[in-house]
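Please read the structure below before turning to the comments.
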Amino acid sequence: LSACSGAICNSQGNADDLRKVLTDRQVIPVEHWASDAFFLFPLLTAERNSGKLRVLFVGRTDPEKFGQCNRVMRQLARSGIAELTVVGSAQRQPTEDDFRYVGYVSGRESLAEYYQWAELVWAPADVDYLSRPGVEALACGRPVLVSDIPAVDGKCDGSIRIPHSLVPDEVGWVVDGMDDRGVIDLLERLAFSEDSLAEPTTCRAYARERFSSDNITAIANAWSL
C-alpha cells in the first residue's frame with residue numbers, strides 16, 4: 001500500500017481498517033451496487049408454480065459462504081418442501097445432492113432471469129455489507145436471506161455476528177448462522193404461506209436507494225478533486 005495515493009473499499013468496516021495503514025491518504029467506502037440493467041427488467045410477482053419454495057444461491061460454494069445454505073437446503077430438498085438452484089462455481093458434483101447447478105452465468109439478462117425465477121435468494125454477507133448477489137437480487141425485486149455469521153474466512157467461527165439491521169424486515173431476513181433448525185422452521189413457514197414473501201416493488205425501491213450505480217459518484221467526485 002505504500003505506493004498507493006488512496007484506496008476504495010466496499011464497506012465502512014474495511015475503510016476503518018485501511019485508515020490504520022493509510023493514515024495520511026484518502027480512503028473511500030463505497031457499497032456494492034447493482035448494474036442499471038437489473039433495475040430495468042420488469043418486476044414479476046413470484047408464483048408458486050412447482051409447489052416448492054424456490055431458493056437461489058449465486059457465487060462460489062466455499063464453506064464459509066455456502067455452509068448453512070447447503071445444510072439447510074439439503075434437508076428441505078429431501079422433504080420436497082423447497083428446491084435450490086446454484087449459479088456459479090460449484091465444489092460439489094451435482095450427483096451428491098438434490099440441488100440444480102447451472103455453472104457461471106455471465107449475461108446480466110440471463111442472471112436476472114434466475115433471480116426472478118427464485119422466491120428467495122440466499123446471499124452471503126460480511127459484518128456491514130451485503131454481497132453483490134444480494135444487491136442484484138433486491139434490484140430484481142426478490143427478498144434475501146443472510147446467515148448472521150460473516151461469509152469471510154477468519155470470521156466464520158461464530159464469535160462475530162452480522163447485525164439483523166443489515167437487512168430490513170420488509171426485504172429479507174438475517175438468521176442465526178448456528179441455528180439450522182430455526183432456519184428450517186422459517187423456510188417451512190414461508191413455503192406453506194399463501195402470501196408473497198416480499199413485495200417486489202419494495203425490494204427494488206430499497207435497492208435503488210442503497211445499491212444503485214449512483215454509488216459510483218463518490219468515487220468520481222473524490223478522483224476529480
Quiz item: Name the one of Val167, Val144, Val146, Leu120 that satisfies side chain to side chain contact (heavy atoms under 4.5 Å, CB included) with Trp173?
Solution: Leu120

Quiz item: Would the number of heavy atoms belonging to other residues, nucleotides or ligands and lying under 6.0 Å from CD of Glu170 be above 12?
Solution: yes

Self-check item: Test: Arg142 cationic atom under 6.0 Å from Trp122 six-membered ring centre, within 45° of axis
Solution: no

Practice problem: Please report the shortest heavy-atom distance between Val30 and Ile219, naming the atom on each side. | Solution: CG2-CG1, 3.7 Å

Exercise. Considering only NZ, NE, NH1 and NH2 on the basic side and carboxylate oxygens on the acidic side, decide whether Asp185 and Arg181 come within less than 4.0 Å.
Key: yes

Quiz prompt | ring pair (Phe, Tyr, Trp, His ring centres under 6.0 Å) partners of Phe41, counting only residues at least two apart | solution = none

Quiz prompt | Contacts of type salt bridge (Lys or Arg N to Asp or Glu O under 4.0 Å), residue Glu119, not counting sequence neighbours | solution = Arg48, Arg54

Exercise. Provide the full list of salt bridge (Lys or Arg N to Asp or Glu O under 4.0 Å) pairs with a residue in residues 121-140, sequence neighbours left out, each pair given once.
Key: Asp126-Lys155

Self-check item: Remaining members of hydrophobic cluster (4.5 Å side-chain criterion), Ile149
Solution: Met178

Quiz prompt | Sequence-distant partners of Asp179, salt bridge (Lys or Arg N to Asp or Glu O under 4.0 Å), two or more places apart | solution = none

Quiz item: Mind checking what makes side-chain hydrogen bond (donor to acceptor under 3.5 Å, both in side chains) contact with Arg210, not counting sequence neighbours?
Solution: Glu31, Tyr206

Self-check item: Closest approach of Cys4 to Arg25 (non-hydrogen atoms, all atoms of both residues)
Solution: O-NH1, 2.9 Å

Practice problem: Identify which one of Cys203, Pro200, Cys140 satisfies the side chain to side chain contact (heavy atoms under 4.5 Å, CB included) criterion when paired with Leu43. | Solution: Pro200

Practice problem: Under the salt bridge (Lys or Arg N to Asp or Glu O under 4.0 Å) rule, collect the residues that match up with Asp169, sequence neighbours excluded. | Solution: none

Quiz item: Who pairs with Asp16 by side-chain hydrogen bond (donor to acceptor under 3.5 Å, both in side chains), at least two apart in sequence or on another chain?
Solution: Gln12, Arg19

Practice problem: Please confirm whether Tyr129 and His32 have ring centers closer than 6.0 angstrom. | Solution: yes

Quiz item: Under 4.5 Å between any side-chain heavy atoms of Phe99 and Tyr101, yes or no?
Solution: yes

Quiz item: Taking only residues two or more places apart in sequence or in another chain, which ones pass side-chain hydrogen bond (donor to acceptor under 3.5 Å, both in side chains) with Ser213?
Solution: Asp36

Quiz item: Side chains of Lys65 and Arg60: does their closest heavy-atom pair fall under 4.5 Å?
Solution: yes

Self-check item: Residues which pass salt bridge (Lys or Arg N to Asp or Glu O under 4.0 Å) with Asp176, listed by chain and number, not counting sequence neighbours
Solution: Arg161

Exercise. With sequence neighbours left out, write down each residue that passes side-chain hydrogen bond (donor to acceptor under 3.5 Å, both in side chains) with Glu188, or none if nothing qualifies.
Key: none

Practice problem: Under the side chain to side chain contact (heavy atoms under 4.5 Å, CB included) rule, collect the residues that match up with Ser35, sequence neighbours excluded. | Solution: Ala37, Phe38, Arg108

